[in-house]
Amino acid sequence: MALAAVEPKNLLGKIRTLIMGKEKPNFLTRVSVGVGFVLWVYLVSWHILTFVALMLFSTLKGTQQIRASFQRVGGRYNLGDPINLLKGHSAVQIVLYLLILVGLVLIYRKKKIGFLFYVFAGLGTVFVTFLLMGYSYLVNEVSAVDMSLLGASIAYFGIGALLFYRKKDEDKQSG
């Protein structure tokens with residue numbers, strides 16, 4: 001006798017089912033997406049904090065001194081208006097990290113496109129930093145730990161994409 005699937009009755013359970021789907025993926029996928037989510041929270045939190053701080057810094061006392069400090073540090077990296085550049089950079093990064101989150105959800109739901117979302121949005125974060133802020137900012141201000149974590153996760157999900165696509169192609173040929 002098979003047990004019937006239990007449908008969630010509360011709103012939170014329905015939202016979770018809507019996002020994560022009714023079917024659980026295999027253990028390796030669940031662990032991979034879980035670790036990817038923890039990395040996502042760590043990496044996106046810095047950009048959210050930066051964005052919020054820059055949006056609210058004008059409410060502080062000594063705004064001119066803060067602005068002068070930003071100009072002095074931004075001058076080291078040849079940034080014309082470092083406050084607005086950092087604000088824009090953080091906003092774009094948040095959008096890219098939302099795409100990474102969508103990729104993680106799609107990977108959890110066993111959709112091929114999720115790998116592409118994750119890999120290309122992850123590469124986009126580095127590209128946008130290089131494009132908006134410059135090479136010296138990327139090398140000096142983005143920590144090696146952050147770059148290593150992002151690079152390792154992009155490589156992991158990139159290899160996962162290759163294996164996932166190969167497996168699906170083999171299943172189509174044998175079926």
Where does the angle between the aromatic ring planes of Phe37 and Trp40 fall among parallel (under 30°), tilted (30 to 60°) and perpendicular (over 60°)?
->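 Parallel, since the angle between the ring planes stays under 30°.
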Classify the ring geometry between Phe130 and Tyr135 as parallel (under 30°), tilted (30 to 60°) or perpendicular (over 60°).
->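 Phe130 vs Tyr135 ring planes: perpendicular.
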Determine yes or no for a side-chain-to-main-chain donor-acceptor pair under 3.5 angstrom, with Asn140 supplying the side chain and Ser136 the backbone.
->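 At least one qualifying donor-acceptor pair exists.
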When you measure from the side chain of Arg30 to the backbone N and O of Tyr108, does any donor-acceptor pair fall under 3.5 Å?
->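 No, the answer is negative, given that no donor and acceptor are paired below the 3.5 Å cut-off.
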Ignoring hydrogens, what is the shortest heavy-atom contact between [X] and [Y]? Give both atom names and the distance.
{"X": "Tyr42", "Y": "Trp46", "answer": "O-CD1, 3.2 Å"}
{"X": "Gly36", "Y": "Phe157", "answer": "CA-CE1, 4.5 Å"}
{"X": "Leu99", "Y": "Ala121", "answer": "CB-CB, 3.9 Å"}
{"X": "Thr29", "Y": "Ile107", "answer": "CG2-O, 3.7 Å"}
{"X": "Leu79", "Y": "Leu132", "answer": "CD2-O, 4.3 Å"}
{"X": "Tyr137", "Y": "Leu86", "answer": "OH-CD2, 3.5 Å"}

Should Val92 and Leu96 count as side-chain neighbours, where that means a heavy-atom distance under 4.5 Å?
->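 Sidechains of Leu96 and Val92: in contact.
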pair Arg67-Ile83: side-chain heavy atoms closer than 4.5 Å =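 In short, these two side chains touch, coming nearer than 4.5 Å.
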ILVMFWY cluster, [X] and [Y] together (side-chain gap under 4.5 Å):
{"X": "Val35", "Y": "Val38", "answer": "no"}
{"X": "Val73", "Y": "Leu49", "answer": "no"}
{"X": "Leu101", "Y": "Val41", "answer": "yes"}
{"X": "Leu123", "Y": "Val139", "answer": "yes"}
{"X": "Ile66", "Y": "Leu85", "answer": "yes"}

In Å, rounded to the nearest 0.5 Å, how long is the span from [atom1] of [X] to [atom2] of [Y]?
{"X": "Leu131", "Y": "Leu138", "atom1": "CG", "atom2": "CG", "answer": "11.5 Å"}
{"X": "Ile48", "Y": "Ile94", "atom1": "CD1", "atom2": "CD1", "answer": "5.0 Å"}
{"X": "Leu43", "Y": "Thr125", "atom1": "CG", "atom2": "OG1", "answer": "8.0 Å"}
{"X": "Gln64", "Y": "Gln71", "atom1": "CD", "atom2": "CD", "answer": "10.5 Å"}

Do other residues, nucleotides or ligands put more than 12 heavy atoms under 6.0 Å from Tyr77 OH?
->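 Count over threshold, so yes.
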Using a strict 4.0 Å threshold on nitrogen-to-oxygen distance, state whether Glu23 and Lys110 make a salt bridge.
->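 Yes, charged N to carboxylate O under 4.0 Å.
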Output every pair passing side-chain hydrogen bond (donor to acceptor under 3.5 Å, both in side chains) with a member in residues 148-160, not counting sequence neighbours, ordered by first then second residue.
->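 Qualifying pairs: Ser32-Tyr156, Tyr118-Ser153.
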Among residues two or more places apart or on two chains, list those pairs meeting side-chain hydrogen bond (donor to acceptor under 3.5 Å, both in side chains) that have a residue in residues 82-91.
->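 Output for this query lists Asp81-Asn84, His89-Gln93, His89-Thr129.
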Residue of the set Ile159, Ile154, Ile100 for which side chain to side chain contact (heavy atoms under 4.5 Å, CB included) holds with Val119 |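 That would be Ile154; it is the only one of Ile159, Ile154, Ile100 passing the side chain to side chain contact (heavy atoms under 4.5 Å, CB included) with Val119.
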